[in-house]
Amino acid sequence: MMNIRFIYNVMAVAAVLLACVACKESYITYHDDEYVMFADTAKVYVVREDMVTFDVPIVSTVACDYDRSFAVEIIDASSDAVEGRDFVLESPNFTIPAGELVGHVTVRGNHDVLNPRSEASFDLKLVMPDWLVMPLYGDKTTVHMKKTCKFDRANFTGWAVVTSLFLYQYSITGDYQRLVRTSADPDDENTVIVHDMYADGYDIKIRFDDETDPVNPAVYTLPGQVVNEEGPVFGMVHGDNHILIESSNQGMSYFFSCNKVAVLVDRFYVENIGDEVGTVGHFMSEIDWVSDEEAERLKREDGM
């Protein structure tokens, strides 16, 4: 009687040969098997007013000479985003075109209801034959969405409240908050001037950037600006009587364009005619832009 293991081996080889005939690989691969899986599962997708749709890519290990169509389904039990409220699938079906390795599912995020301070996510599962599932990667993914708003400098001018750990540590009066005015920098469309940010008479320029990484909009304190004199802060002079500021490498500065809030992590330091004397410290400051009405209330009720 023919050996059963030999029969199984022959059948396995035949199956691989059939797969190779049906699917022609367009690049060198380490195996002959065809698998389909989600790609880039750690990515966070931006939902912004001008880009509310995004594509979730699905890839195959081989290119075939015919279109391959599959579907996805939402796993509600493990999702915190709600279909129909936070997002919708443009279609649950997708196609990997003939000769190609990638297809995609299009998602439309609901910009109006998503929370800009936190990510929302939902789980997707591929609907396809089990033999297409690669054991290492599986057939599921978590789609992460983050609401952002396109930077509009007009929203970051006017009245603002500065809350600073630098002021908390070095304020003469003990106040760690200041009500300040902000205005547009005439020389740079992405820069704002914060007047009297840490002390009267000393303005600080900060620059916004939501194009380099829309998921994590950044804000930068322009280097070499004078915050205050040393004498009033320290009671003595260590350098040339100027306290300078720049963005810190000890933390990331960022802003929430939807909420009109900027969080700065800055290094405060002292120089003596261009030579650095030392670092005062790395301090976090938050700037919250407020309406004219709120500014008047803060003046009237809080004495700011």
Side-chain angles (χ1 to χ4, degrees), residues 27 29 33-64 67-152 209-219 252 254-259 261 263:
Y27 65 98
T29 183
D33 294 322
E34 177 188 1
Y35 295 116
V36 177
M37 69 202 81
F38 289 103
D40 204 7
T41 57
K43 183 175 180 178
V44 178
Y45 297 93
V46 167
V47 179
R48 204 167 73 178
E49 306 100 314
D50 58 338
M51 35 196 270
V52 295
T53 62
F54 56 87
D55 293 335
V56 179
I58 297 97
V59 299
S60 174
T61 55
V62 296
C64 296
D67 291 349
R68 288 168 288 172
S69 295
F70 306 103
V72 296
E73 61 182 9
I74 300 166
I75 307 174
D76 293 326
S78 55
S79 302
D80 57 58
V82 178
E83 183 186 14
R85 183 194 69 185
D86 301 316
F87 72 96
V88 294
L89 296 182
E90 296 283 272
S91 171
N93 303 309
F94 69 94
T95 297
I96 300 176
E100 297 186 15
L101 298 170
V102 183
H104 63 262
V105 174
T106 301
V107 179
R108 178 175 295 274
N110 190 341
H111 185 269
D112 293 336
V113 303
L114 292 173
N115 183 350
R117 286 187 176 266
S118 62
E119 293 179 8
S121 63
F122 61 93
D123 289 341
L124 287 179
K125 182 179 185 300
L126 290 168
V127 180
M128 61 185 186
D130 291 342
W131 59 270
L132 286 174
V133 180
M134 180 179 282
L136 180 62
Y137 292 96
D139 58 356
K140 301 180 182 66
T141 192
T142 299
V143 179
H144 301 273
M145 303 179 294
K146 186 174 182 180
K147 173 180 178 175
T148 66
C149 297
K150 190 169 179 60
F151 174 69
D152 181 352
D209 176 15
D210 68 340
E211 295 298 331
T212 301
D213 184 359
V215 175
N216 300 295
V219 59
M252 184 177 67
Y254 54 91
F255 72 98
F256 298 103
S257 194
C258 301
N259 301 83
V261 174
V263 177

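Computed over heavy atoms, backbone and side chain alike; hydrogens, waters and symmetry mates excluded.
Under the 3.5 Å distance criterion, the side-chain polar atoms of Asn115 are matched with a main-chain donor or acceptor of Arg117. Panel note: side chain Asn110, backbone Phe87; no donor-acceptor pair is recorded below 3.5 Å. For the pair Lys146 (side chain) and Glu119 (backbone), a donor-acceptor distance under 3.5 Å is absent. Between the Ser79 side chain and the Ala81 main chain, no donor and acceptor come within less than 3.5 Å of each other. Ser257 places a side-chain N or O within 3.5 Å of a backbone atom of Cys149 that can act as its donor or acceptor partner. A distance-only check finds no donor-acceptor pair linking the side chain of Thr95 to the backbone of Asp67 [under 3.5 Å]. Checked by atom type and distance alone, the side chain of Asp55 never pairs as donor or acceptor with a backbone atom of His104 at under 3.5 Å.
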His144/Lys43 under side-chain contact (heavy atoms from CB on, under 4.5 Å): CA gap, chis, key distance, verdict: CA-CA 7 Å; His144 301 273; Lys43 183 175 180 178; over 6 Å; no
Trace of the side-chain contact (heavy atoms from CB on, under 4.5 Å) decision for Tyr35 with Leu132: CA-CA 4 Å; Tyr35 295 116; Leu132 286 174; 5.7 Å; no
Pair Thr61-Asp33, side-chain contact (heavy atoms from CB on, under 4.5 Å): steps then yes or no: CA-CA 8 Å; Thr61 55; Asp33 294 322; 5.9 Å; no
Verdict with reasoning, Phe38 to Leu126, per side-chain contact (heavy atoms from CB on, under 4.5 Å): CA-CA 8 Å; Phe38 289 103; Leu126 290 168; 3.5 Å; yes
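Here the closest heavy-atom approach between residue Ser60 and residue Ile96 is recorded as CB-CD1, 4.0 Å. Among all heavy-atom pairs drawn from Val133 and Met128, the shortest one is CG2-CE, 3.8 Å. Heavy-atom minimum distance, Val102 versus Pro57: CG1-CB, 4.3 Å. Between Val59 and Ala39, the closest heavy-atom pair is CG1-CB, 3.7 Å. Closest heavy-atom contact between Arg48 and Asp50: NE-OD1, 2.8 Å. Shortest non-hydrogen contact noted between Val56 and Tyr45 is CA-OH, 3.9 Å.
The shortest distance between side-chain heavy atoms of Val36 and Phe70 falls below 4.5 Å. You'll find the side chain of Val113 stays beyond 4.5 Å of the side chain of Lys147, heavy atoms only. In this structure the side chain of Phe94 never reaches within 4.5 angstrom of the side chain of Thr106, judged on heavy atoms. The side-chain heavy atoms of Glu34 and Cys64, taken from C-beta on, include a pair separated by under 4.5 Å. Side chains of Val105 and Ile58 form a contact here, defined as non-hydrogen atoms less than 4.5 Å apart. Side-chain contact between Ser69 and Asn93 is absent, with no heavy atoms from C-beta onward closer than 4.5 Å. The closest side-chain heavy-atom distance from Val219 to Asp209 is not below 4.5 Å.
Expressed to the nearest 0.5 Å, how far CD1 of Ile74 lies from CG of Asp123 amounts to 10.0 Å. If you take CG on Leu101 and CZ on Arg68, they are separated by 7.5 Å, rounding to the nearest 0.5 Å. Here the NE2-CE distance, from His111 to Met145, works out to 12.0 Å after rounding to the nearest 0.5 Å. Rounded to the nearest 0.5 Å, atoms CG (Asn216) and CG (Asp210) are 11.5 Å apart.
Between Ser121 and Asp80, the side chains place a donor N or O and an acceptor N or O closer than 3.5 Å (distance only, hydrogens not considered).
Atom OH of Tyr137 has 12 or fewer heavy atoms from other residues, nucleotides or ligands within 6.0 Å.
In this structure, Lys150 pairs ionically with Glu211, as a charged nitrogen and a carboxylate oxygen lie closer than 4.0 Å.
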